[in-house]
Each structure stands twice: as structure tokens, then as C-alpha cells.
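Beneath this line is the structure, given in C-alpha cells, with notes to follow.
Note: hydrogens, waters and symmetry copies are ignored here, and every other heavy atom, side chains too, is used. Proteins get letters first, then strands, A, B, ... in listed order; numbering begins at 1 in each. Nothing here was measured: the structure is a model prediction, and the numbers come from that model.
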Amino acid sequence: MSRYVAAEIEPKWQAAWTEAEVFRARRTGDKPKYYVLEMFPYPSGRIHIGHVRNYTMGDVVARYKRATGHNVLHPMGFDAFGMPAENAAMANGGHPRDWTYANIDTMVEQMKPLGFSLDWTRMFATCDPEYYGQQQALFLDFLEKGLVYRKNAVVNWDPVDMTVLANEQVEDGRGWRSGALVERRELTQWFFKISDMSGELLDALDTLDNWPAKVKTMQANWIGRSRGLQFAFSLIDGPHGHDRVEVYTTRPDTLMGASFVGISPDHPLARDLEKSDPDVAAFCAEARQGGTTEEAIEKADKLGYDTGLRVRHPFDTSLELPVYIANFILMDYGTGAIFGCPGHDQRDHDFCRKYDLPIIDTFVPLDGEIDIQAAPYVPPKSEKVRYTRLIAGEEVQTGQEAVNAAVDFCESNGVGQGVTKFRLRDWGLSRQRYWGCPIPVVHCDDCGVVPEKKENLPIQLPYDEGGKPIDFSIPGNPLDRHPTWRDAPCPACGKPARRETDTMDTFVDSSWYFARFTAPRADTPTVAEDAAYWMNVDQYIGGIEHAILHLLYSRFFARAMNVCGHLPDKTREPFEALFTQGMVTHAIYQTKGADGRPVYHYPEDIDLRDGRGYLKDGAEVEIIPSAKMSKSKNNVVDPVAIISQYGADTARWFVLSDSPPERDVEWTAAGAEAAAKHLARVHRLAVEIGDAPADEAEDIALLREMHKAIKDVTLGVDSFGFNASIAKLYGFTNTIAKSRAGAQAKRTALKSLAQLMAPMTPHLAEEIWATLGGEGLIAEAPWPVADDAMLVEDTITMPIQVNGKRRGEITVPKDMDKAEVEKLALAHENVARTLEGAQPKKVIVVPGRIVNVVM
RNA sequence: GCGGGCGUGAUGGAAUGGUAGACAUACCAGACUUAAAAUCUGUUGGGCCUUGUGCCCGUGUGGGUUCGAGUCCCACCGCCCGCACCA
């Protein structure tokens with residue numbers, strides 16, 4: 001009698017699938033297509049259990065859709081450019097390219113044993129010249145359509161290492177290597193004009209019915225459309241060339257509460273003052289210190305510098321407001337200048353308290369008192385308030401009404417105009433790094449910035465410098481210092497010129513890979529027929545951490561590619577449905593070291609007894625459950641070890657069970673063990689099916705359960721309720737195990753069970769299918785369909801509540817009418833006792849659900 | 001700081017506004033065994049007594065809406081994710 005040995009059956013069936021080319025995506029026949037995609041991985045060197053969960057979910061969808069008669073496209077690739085490769089080269093020598101491709105080989109080798117139904121013939125890495133060459137072609141097309149341009153932008157500058165730092169390389173405002181205080185510095189950089197599409201990207205969110213609402217909300221907030229007023233304060237005795245300060249506000253209704261005008265340290269006025277006044281220069285230099293992230297700027301102490309300049313209030317010319325340079329005002333947003341209204345804004349309130357500026361209210365609550373000096377009054381814009389210093393509109397109105405009235409009033413009085421602004425900034429794509437896609441332009445002394453000719457693409461990264469592999473231990477960008485790579489003839493005039501040495505943000509690489517998968521070897525970015533057939537991605541699956549940037553950039557790219565003719569109109573929104581999955585977590589086992597710092601222990605060194613953990617020497621460890629996996633905390637689970645211990649099917653089964661897919665799941669050794677035991681049990685049931693004779697009642701009962709299981713499991717798979725499907729599969733397995741049905745009925749039930757398990761545990765399913773004489777491969781078998789006639793129940797059990805508390809239940813025919821149900825409910829012994837003879841005030845009968853008696 | 005989310009037994013979690021705790025883990029008890037492992041069966045939210053088709057309490061905390069709230073609304077607490085050069 002054969003036992004369940006995953007190590008034997010898994011390679012066998014993987015070979016069978018490869019042999020039959022079951023997972024090759026073909027656009028043939030008249031089947032509908034289905035494109036399922038998981039966010040492709042960064043080739044860090046090893047797959048982790050989070051990848052296993054992500055790809056298993058996609059695989060369940062892919063296999064299910066294949067079984068329900070679709071041509072499925074389910075590809076895999078690598079997001080292969082980026083800093084870790086350069087960091088590795090700096091730390092350990094070697095070359096980013098060698099490091100990356102070696103990692104890809106390792107990861108493919110680790111992924112294949114998991115048995116994912118991927119079309120490996122379509123695999124590519126974004127660092128393949130065949131891929132990034134097409135990306136350069138896209139860049140040139142975007143340039144032609146005016147979707148790319150150059151302007152100055154602020155970067156993190158390390159004054160000691162003389163290099164640009166990524167945000168993650170800035171720790172507490174200091175460079176990670178040098179420890180020097182980071183400065184904000186301006187460079188000329190390339191930008192995608194994503195802001196041109198702000199309105200469309202925002203409005204189209206409403207059409208994304210199968211995206212999580214939270215992702216849509218996050219994107220809407222990120223794009224941030226606001227209606228406001230742009231107007232100018234006239235400057236009293238301003239320096240040469242400055243007679244006004246242009247500001248933008250979303251709350252023009254609070255203009256009468258203005259206490260000061262604030263400008264960014266990068267505002268033209270501040271820049272001019274800086275030239276002649278060392279104090280201003282010192283303040284601006286200080287304000288520019290620290291990282292460029294919004295978080296760093298928001299969290300920094302709010303500092304202001306009184307320029308001594310004054311502006312006149314547009315509606316009360318006797319009123320003069322001071323002009324401050326303030327470190328929390330961003331030049332990128334609005335006009336880089338604001339007016340501060342401390343009565344109705346927390347930050348302005350803090351600022352005015354600090355610099356002893358007046359705090360005036362412009363509106364008060366309809367009832368109740370408020371101490372505006374102690375705290376600002378900031379009600380929702382939709383709330384009605386009483387205006388004490390009114391610009392326009394009714395005395396009592398909502399903030400929104402007052403804003404609209406104020407804009408109209410200001411416009412008709414020639415004070416500024418109403419404008420719609422977006423928070424979304426253009427996408428800076430320039431990176432001063434080696435390991436990325438070169439930007440295909442040439443700088444010519446005569447012709448300026450000239451796009452490279454398409455026939456010269458790809459502009460490849462050089463592997464060597466001066467005959468030797470590039471040395472990454474030397475600081476600076478290797479492309480910048482390369483002896484020959486920079487030299488290129490100007491594509492316009494042919495004279496010697498210099499290549500652009502900046503490379504592209506890796507977000508560019510991941511913004512169109514989904515389109516490339518439809519024709520991965522083409523010598524154009526896409527092929528019209530393939531894109532038309534396979535796009536859009538029907539189901540996209542990935543982490544919530546990509547909710548904003550990656551998905552927004554991809555939506556922009558799809559539109560831009562459509563503008564350039566690389567994608568059809570229907571692909572302007574490339575992802576039909578999005579699912580964001582949770583992490584796989586694992587307990588941390590820690591003790592305190594002699595120095596009081598935590599010491600982290602590997603799970604395999606821990607004995608678990610009664611929910612407590614002990615080391616081999618008997619010392620108890622502290623267990624921190626459900627922690628994010630981290631190498632430094634020693635709580636990482638290696639999929640390779642899990643597969644060799646239990647097999648791929650166990651790993652797949654476990655990561656889908658227990659938790660709903662969108663939530664985190666905790667990996668536990670006990671849970672993995674239980675999953676393995678269960679799969680062995682299912683295998684045993686199939687092998688030991690016996691030869692019991694038919695038994696009509698038992699057989700029908702089992703088949704009824706089978707149809708119920710088909711219905712419930714299908715519903716779960718359809719709605720991403722994989723954990724619910726698995727719970728049903730446990731239940732159905734228990735039913736089969738306990739059933740006294742005949743062997744024939746059990747065979748039927750077990751074959752259905754195998755089919756229902758096939759998306760999750762495909763190897764075991766094939767094995768059982770073959771054992772029970774199923775035809776062909778289960779991977780190619782059609783999905784079972786529940787017979788409605790077998791699902792009909794004649795009677796239902798309804799709970800009876802008295803005042804919302806359950807007091808009993810009755811079993812009644814399915815279609816019994818309400819009055820009859822009510823009579824039976826009131827006659828129920830325990831219900832009658834609870835009523836104590838009192839007449840119920842009301843009886844609510846929800847057919848098929850519940851009865852509630854109200855006393 | 002700003003934006004988004006989550007919070008249910010010892011544990012992971014289930015529950016279209018309608019019987020809270022499905023399914024699983026762990027624990028306990030039993031069967032099989034010389035024994036153990038494996039396997040199989042059963043019990044388990046807390047409390048009370050009058051042991052019943054019983055009663056009270058119970059879904060982070062405090063309020064509210066409803067015949068009925070884990071689910072909807074408001075406030076608070078805790079944790080997680082994102083914040084534009086990490087991928």
C-alpha cells in the first residue's frame with residue numbers, strides 16, 4: 001500500500017505537465033482568455049514564504065480558470081534593476097549583472113518545485129537588454145508626444161560622499177555611509193508628465209469596480225484634487241523685482257483670519273533675499289537640511305524666519321501681514337506660498353504661538369463656546385458654522401458653501417481666481433546610478449539635448465571600464481567616470497557629444513512589464529494582436545505596499561502607451577481586478593543577553609510546550625507572535641526547507657488556510673505539520689477506498705454533501721475566500737472518511753475532492769485522480785459543477801429570539817408561511833416560558849432566517 | 001505629522017445587519033499498542049445553579065442607531081502599511 005511521499009509524486013507530475021505543455025499560453029480556439037498576474041519579484045537571491053503565498057494565490061486562480069474553459073496567461077519575470085545589486089557589488093565586490101543573473105537562476109530553481117502553472121517560456125528580467133531597449137523606445141515615443149521633460153528637482157545630497165542618496169539611505173537625516181548631515185540640493189532631471197492626467201487618473205478610479213476600496217481611496221487622496229483660490233498679496237516696499245506674493249489656498253473663506261504669509265525657502269523671493277542677507281541664507285540653509293521625504297519635512301520642527309517684509313491684506317488695506325520663510329512650505333505644491341490662518345489650522349496655530357502672532361477666528365460653532373487661543377477650531381467642511389468675519393455668502397453656512405461663495409466673490413472683485421489643483425507631482429525618473437535602464441539621450445554642445453536614434457537601441461550598460469569589470473568600490477556613478485561609454489556622436493549633427501549618464505527609476509521597469517508579457521520576444525515594445533487579445537490583466541495580485549506608486553505609475557504608463565499606439569484604448573486601465581494579499585508572519589523567540597539587549601533564536605532551537613518556548617538548556621524564551629519576518633530577528637521561514645521537509649503541496653495548502661488572503665497569516669510549525677497530515681489522510685482515503693457495496697441512502701447522502709462542497713468551494717475560489725474553501729474541503733474530507741457509502745459513491749466523491757483541491761494542491765490531486773482512474777490530467781479536466789437538484793433542502797431550522805436573545809429553535813418546511821411560523825415559534829416551550837404569558841408586542845419573521853419576538 | 005487599514009476563545013481564524021466562535025491548532029480524555037509514534041473517537045469561550053431544549057456575561061474601550069450589531073455611526077486606545085530616489 002503506497003504512502004503519501006511528496007518528494008516522489010511532485011517531480012513526477014511536474015514532468016507530466018511540462019511534457020504536455022499544459023501551461024503554455026496560446027491564443028487559439030474560441031475559448032475566452034484570462035490573464036492572471038502576480039507582482040513580479042525582485043531577484044534578492046532567495047524566494048521567501050511571502051512569494052509562495054502570493055504565487056500560490058495566483059496559481060489557484062490560474063488553474064481554476066483553466067478548468068473553467070479559459071485560455072490562461074500566467075507569466076513570471078524579474079524586476080531586476082535596482083540598488084541592492086550595486087550595494088552588493090560595493091560590499092562584496094563582483095558585478096551587479098553577475099549578481100543579478102545568478103540570483104535569478106537560483107530563484108527560478110527554487111520556484112519550479114512549487115509546481116506553479118506558469119508559462120516559463122515568457123520569462124524575462126527587466127535588466128535584459130531586449131527588455132530595457134524596448135523601454136528606451138517607449139521613452140523616445142513619450143518624448144515625442146511631450147510626455148517627458150526636464151526640470152530642476154530636489155535630491156538628498158551627501159556632502160561628504162559627494163553623491164545622491166535614496167530616501168532609504170538617509171537615516172535620521174544623515175547619510176548611511178558617511179554619517180554626514182544630508183542636504184536638499186537641486187539637479188536637472190527628467191520627468192514624466194503624469195500630472196497632465198491627474199484628473200483622468202482620479203475620475204477613472206470610479207470605473208475600477210474590482211479594486212479594493214481602500215486602494216482607490218489611497219490613490220484618490222494621493223492625487224488630491226482641490227478647488228481653491230489663487231491670488232496675490234501686494235508687497236509693501238518689496239525688493240527689486242518683487243511687488244507681490246502669489247498664494248494658493250483651499251480655504252479663501254478664512255482670509256479674514258490671516259495672520260501671516262509664509263513662503264518656501266526655495267521660493268524666488270526667499271532665494272533673492274538669501275543673496276544679500278546672510279541671516280536669511282543661514283536660515284534657508286538650515287531649512288534645507290534633512291531628508292526630502294514628506295514625512296521628514298512634516299515631522300521636523302516648524303521653523304520660521306521673519307523677513308521684515310509686509311504685505312497688504314486684499315480686503316482690509318489697513319491690515320499688514322508679516323512675511324515669513326517657513327521650512328514646512330513645499331515649493332512643489334501650489335505656488336510655494338501660503339497665508340496662515342491659525343484659528344482654523346493646527347499647524348498655523350502652532351506657528352503663531354511660537355512666533356507670537358495674533359490668532360483670530362473667522363467662524364464659530366452654532367452652539368457651544370470655543371477658545372480659539374488654546375486650540376484651533378477645525379470642523380469638517382460639510383458642517384454648518386456661524387461666520388464672524390464673513391467674506392461672502394450667508395452668515396450661517398457650511399465651510400464648503402463659504403469656500404465657493406468666497407471664490408466667486410474674489411473673482412468678481414478682481415482678487416485672484418478659482419483654480420483646481422492636484423497634489424500629484426510629476427514623476428521624476430532620473431537616477432544617478434549604474435544599475436538601471438540608461439536614458440537614451442545625448443547632450444550636444446550645439447544641438448542641446450538630442451534623443452538617440454531608435455536604430456541605435458538598446459543603449460546598453462557597459463560591463464567593463466578600461467578593459468576590466470567595473471569597480472564599484474570607487475565612489476560615484478561608473479557611467480559618469482567611464483573612459484569611453486559617454487562618448488557618442490550627436491544624433492542630430494554627428495559631432496562628438498556626451499551620453500546622458502542618469503538611468504531610469506526602477507518603477508519605470510515595472511510600469512509596463514504586464515504588457516510586455518503578452519509578446520515578450522517582440523522587437524517592438526508590444527504587438528497589437530497579442531496586446532488586443534491578452535490585455536487587460538484580469539486579476540492582478542500583490543502587496544498593499546504597492547497601493548499607490550506602482551499601481552498609479554502603471555495606470556499612467558498604460559495611458560501613455562495608448563497615446564503612442566502601443567496599447568489599445570481598452571487598456572488605458574490595465575488591471576481589471578486587483579487583490580492585495582497579506583504577509584506571512586512568524587513568531588520571534590527572544591531572550592535578553594548579558595548586556596540587556598535582545599538575543600534572537602532560530603525556531604528550530606526552540607521546544608514548544610503548552611504555548612511556552614524553551615531553549616535546549618531549559619531557559620524560557622519570550623514569544624512575540626505574528627511578527628514580520630526579518631533576517632535580523634531570525635524568524636524567517638525558508639520555503640526550500642519546507643518543501644524538502646513536507647513537499648510543495650503542504651506549503652501551498654498551509655499558506656492558503658487559516659487566514660483570509662488579504663490578512664496576514666502566521667506560519668507555525670504545528671500548522672505546517674497539520675497540513676501535511678491532512679494531505680496524507682486524503683491520499684490514504686483514496687488508496688484505501690475498499691470495495692463496499694452500494695447503499696442507496698448512504699450513497700445519496702454522500703453525493704449531496706459532494707454537491708454542497710462543489711458549490712461552497714467554488715464560491716470560495718471565485719471570491720478569493722481560499723481559507724473558506726479549505727475549511728469546506730476539511731469538512732468534506734471528514735464527511736467522506738465517516739461515510740458508510742459504497743465504494744462507487746466514494747470514488748465519485750473522492751474524484752470531486754481531488755478536482756476541488758487541484759488548484760491548491762495540484763500534485764496530490766493528480767496522484768489521486770490517477771489512482772481512481774480519472775481520465776487524462778486533472779490539470780486539463782473541466783471544473784466540477786454542482787447539481788442544484790441535489791442542493792435543495794426540504795426543511796430549515798430557524799432560531800427564535802425573544803428581544804434579540806436566542807431562546808430556542810424550530811425546524812419547519814422550507815416554504816411555510818409567516819403566520820404559521822409565528823404560531824409555532826410562540827408555542828415553543830422555552831419561548832412561552834420566557835414570555836410568561838405576556839402578549840408579544842411584535843413578532844418579526846425573516847423567512848428562512850430567524851424569528852424575533854419583541855416583548 | 002498626514003493618508004489608509006486592522007483589533008473576535010489559549011492560538012490562527014468563521015459569521016449577505018439575523019443561532020458568535022465554522023474549520024484548524026493546542027490542551028485534556030478514550031480506543032489501538034508490551035510501550036511509543038502514527039492513526040481513530042470524543043470534550044473544550046467564561047461564570048452560575050435548580051444539570052435544563054436552563055440562566056447570566058462575552059467580538060480592543062466608551063457611547064449611539066436598530067426588533068436585532070462582531071458587522072452600521074461617533075470618540076478613544078493599540079498595532080500594521082504608505083508618504084513620491086527601497087522594491
Counting neighbours of NZ on Lys708(A) that are heavy atoms of other residues, nucleotides or ligands and sit closer than 6.0 Å, is the number greater than 12?
no
Residues of residues 422-431 of chain A with a heavy atom under 4.0 Å from any atom of RNA chain B, listed by number, are Arg423(A), Leu424(A), Arg425(A), Gly428(A), Ser430(A), Arg431(A)
For the side chain of [X], counting heavy atoms from C-beta on, which of [options] is nearest?
X: Tyr553(A); options: G1(B), G4(B), A84(B); answer: A84(B)
X: Asp79(A); options: A20(B), A84(B), A87(B); answer: A87(B)
X: Asn830(A); options: A87(B), C85(B), G54(B); answer: G54(B)
X: His828(A); options: C56(B), A87(B), U53(B); answer: U53(B)
X: Ala727(A); options: C67(B), G5(B), A22(B); answer: A22(B)
X: Val854(A); options: C85(B), U41(B), C67(B); answer: C67(B)
X: Leu549(A); options: C57(B), C23(B), A84(B); answer: A84(B)

Can Asp266(A) and Arg288(A) be counted as an ion pair, charged N to O under 4.0 angstrom?
yes
Does the distance from a Lys or Arg side-chain N to an Asp or Glu carboxylate O, for Lys214(A) and Glu662(A), drop under 4.0 Å?
no
What does the 5'-to-3' dot-bracket notation of RNA chain B look like when only Watson-Crick and G-U wobble pairs under 3.5 Å count, and pairs to other strands show as |?
(((((((..(((.....[....)))(.((((.......)))).)(((((..).))))..(((((..]....))))))))))))....
Do the ring planes of His678(A) and Tyr730(A) sit parallel (below 30°), tilted (30 to 60°) or perpendicular (above 60°)?
tilted
Should the ring pair His550(A) and Tyr513(A) be called parallel, tilted or perpendicular, given that the plane angle runs from 0 to 90° and is split at 30 and 60?
tilted
Compare side-chain N and O positions of [X] against OP1 and OP2 of [N] and report whether any pair is under 4.0 Å apart.
X: Asn734(A); N: A24(B); answer: yes
X: Lys805(A); N: G54(B); answer: no
X: Arg684(A); N: C40(B); answer: yes

Ignoring hydrogens and geometry beyond distance, is the side chain of Gln432(A) in donor-acceptor contact with the base of C85(B) at under 3.5 Å?
yes
With sequence neighbours excluded, what pairs up with [X] under the ring pair (Phe, Tyr, Trp, His ring centres under 6.0 Å) test?
X: His344(A); answer: Phe363(A)
X: Phe514(A); answer: Phe575(A)
X: Tyr333(A); answer: none

Syn within 90° of 0, anti beyond: G45(B) is anti
Hey, are the side chains of Val215(A) and Leu551(A) touching, using non-hydrogen atoms and a 4.5 Å cut-off?
yes
Scoring nucleotides 10-18 of chain B by protein non-hydrogen atoms under 4.0 Å (B base, S sugar-phosphate only, - none) yields --BSS-B-B
